[in-house]
Amino acid sequence: MTVFVTGAAGFIGFHTSRALLARGEQVVGIDNLNDYYPPELKHGRLERLANEKGFTFVEADIADMEALKAAAAGRKISRIIHLAAQAGVRYSLENPAAYAQSNLVGHLNMLELARHADGLEHMCYASSSSVYGGRTDVPFLETDRTDTPVSLYAATKRADELMSHAYAHLYKIPLTGLRFFTVYGPWGRPDMAYWLFTDRILAGKPIKVFNNGDMLRDFTYVDDIVDGVVKIAMTGPVAGRQSPPDVPHAIYNIGNNHPERLDDFIAVLEKLTGKKAIRENLPMQPGDVPATYADITAIRTDYGFEPTTDLASGLSLFVAWFRQYYGV
């Protein structure tokens, strides 16, 4: 069985590819290796994947339809796990065109690839908790309204969900969207708070704490996320979850279901690093939301998803990896 994984050199894509290879699947990984953050990290992930039996890497941009077709040519693709995207809420304020290319054009190209793939059984794709906007009524349910995004990134992710629904309706392609909630762990993204805080605390530099730390985040350890992604992608859609029933498209929250205060998160990092954080308290940033909190009833019921990694354990694993990776 061949699984097409986009964003394979990215954080979640790397871990997902490793999990699939451990199952004995054949994985074709796609990534454009852009420089949103240092490409050395992406190359480091790929070096580890290259040592795994069954992995093939193709450098290609999902916004380039011809490159995608070339990557898929001659391959019997049974599943697609589409994780490639331009990530980051704040960066969408600086470079909106990158989000239109990757998250809109790129997602449409992946739907077209799925539409014409002979024998495709299922495509699973990444959405985001950002689609819930600035909602304060928590936890977030998949049935909550998502028509008030507070960032362009969130708007593109909601657009991906709507395009997917249309393709499932028109062409009966089995599609499942996953709304990720603040994923963290080893080999993560350097633009995320857990990485930035760890780096600066260890270096004795100030950390920027937005909204004075009065924020809630449903931090979810990457292994828990990957367990859910692989199970859903390989199991396929669950009958009765689609709405309306004749459209094979469903959306699930995938998170820890246990939000943490940012202040408590910093306190855990202080304990793990053995250093006191130097805080620079700042107001809420444009595009940020006060809280994320996943209701995971649907994914738990349909797929048995149950996160098992608490914040202290997950951050301990990340800090240990970070120290080893940088020789700190």
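Sorted pairs that involve residues 37-61 and meet salt bridge (charged side-chain N to carboxylate O under 4.0 Å, His left out), not counting sequence neighbours, are lacking altogether. Judged as a salt bridge (charged side-chain N to carboxylate O under 4.0 Å, His left out), the pairs with a partner in residues 66-77 (not counting sequence neighbours) are, in order, E66-K69, K76-D118.
For the atom pair CG of L49 and CG of L21, the computed distance is 6.5 Å after rounding to the nearest 0.5 Å. For the atom pair I81 CD1 and T176 OG1, the distance stands at 11.0 Å (nearest 0.5 Å).
With sequence neighbours excluded, the residues that form a salt bridge (charged side-chain N to carboxylate O under 4.0 Å, His left out) with D144 are R135.
We find that R79 and E121 are joined by a salt bridge, their nearest charged nitrogen and carboxylate oxygen being less than 4.0 Å apart. Ion pair D137/R145 not flagged as a salt bridge, since none of the NZ, NE, NH1 or NH2 atoms sits closer than 4.0 Å to an Asp/Glu carboxylate oxygen.
At least one donor-acceptor pair closer than 3.5 Å links the side chain of D224 to the backbone N or O of T309. Between the side chain of S17 and the backbone N or O of G13 there is at least one donor-acceptor pair closer than 3.5 Å. Although no hydrogens or angles enter the test, the distance criterion places a donor-acceptor pair under 3.5 Å between the side chain of Y99 and the main chain of G88. Judged by distance alone, with hydrogens and angles left aside, the side-chain atoms of N109 form a donor-acceptor pair with the main-chain N or O of I62 at under 3.5 Å. One N or O on the side chain of S102 and one on the backbone of Q86 form a donor-acceptor pair closer than 3.5 Å. In this structure, H43 contributes its side chain and L33 its backbone to no donor-acceptor pair below 3.5 Å. Between the N257 side chain and the A294 main chain, a donor and an acceptor come within less than 3.5 Å of each other. Listed for the T6 side chain is a donor-acceptor partner under 3.5 Å among the backbone atoms of L83. A donor-acceptor contact shorter than 3.5 Å is absent between the side chain of T220 and the backbone of V183. In this structure a side-chain-to-backbone donor-acceptor pair under 3.5 Å is missing from N211 to P283.
Scanning all heavy atoms of the two residues, the minimum distance from V319 to L269 falls at CG2-CD2, 3.9 Å. Of all heavy-atom pairs spanning P286 and L93, the tightest one is O-CD1, 3.7 Å. Of all non-hydrogen atoms in V131 and T146, the two that sit nearest each other are O-CB, 3.4 Å. Between I299 and N253, the shortest heavy-atom contact is CG2-O, 3.4 Å. When every heavy atom of I278 is checked against every heavy atom of G204, the shortest pair comes out as CD1-O, 3.3 Å. The minimum heavy-atom distance linking A298 with E142 is given by the pair CB-OE2, 3.8 Å.
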Quick one, D263 with R279, criterion side-chain contact (heavy atoms from CB on, under 4.5 Å). Give me CA distance, side-chain angles, the key distance, then yes/no. CA-CA 10 Å; D263 278 341; R279 296 170 58 122; 2.8 Å; yes

Step by step, work out the side-chain contact (heavy atoms from CB on, under 4.5 Å) result for I12 and H15. CA-CA 5 Å; I12 301 174; H15 286 283; 5.9 Å; no

Pair Y325, L41 - check side-chain contact (heavy atoms from CB on, under 4.5 Å), show working. CA-CA 10 Å; Y325 184 76; L41 188 61; 3.5 Å; yes

Just do the side-chain contact (heavy atoms from CB on, under 4.5 Å) check on L111 and H107 with the steps written out, would you? CA-CA 6 Å; L111 290 171; H107 189 78; 3.7 Å; yes

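By the criterion of side-chain heavy atoms lying less than 4.5 angstrom apart, applied directly or through intervening Ile, Leu, Val, Met, Phe, Trp or Tyr residues, V105 is not grouped with Y91; the two fall into different hydrophobic clusters. Cluster annotation: V229 and F181 are assigned to distinct hydrophobic clusters (Ile/Leu/Val/Met/Phe/Trp/Tyr, side-chain heavy-atom contacts under 4.5 Å, transitive). Hydrophobic clustering (ILVMFWY, side-chain heavy atoms < 4.5 Å, transitive): V3 and I80 are in distinct clusters. One hydrophobic cluster, built from ILVMFWY side chains closer than 4.5 Å, holds both V28 and I77. A continuous path of hydrophobic side-chain contacts links F55 to V230 [ILVMFWY only; heavy atoms under 4.5 Å].
Annotation: side chain of F305 is not in contact with side chain of Y252 (no heavy-atom distance under 4.5 Å). Within the 4.5 Å cutoff, no side-chain heavy atoms of M192 are placed close to those of Y184. Within the 4.5 Å cutoff, the side chain of M234 has heavy atoms near those of the L20 side chain. Residues R217 and L262 are not in side-chain contact: their nearest non-hydrogen atoms beyond the backbone lie 4.5 Å or more apart. The shortest side-chain heavy-atom distance between K172 and D246 falls under the 4.5 Å cut-off. Side-chain contact check for L202 versus R323: some heavy-atom pair is nearer than 4.5 Å. Residues L315 and Y194 are in side-chain contact: their nearest non-hydrogen atoms beyond the backbone lie under 4.5 Å apart. For the pair N95/Y36, no side-chain contact is recorded, criterion being any heavy-atom separation below 4.5 Å from C-beta on.
Judged by a 6.0 Å distance limit and a 45° cone about the ring axis, R179 is positioned over the six-membered ring of Y132.
E161 and Y125 form no side-chain donor-acceptor contact under 3.5 Å, judged by distance and modelled atom types alone.
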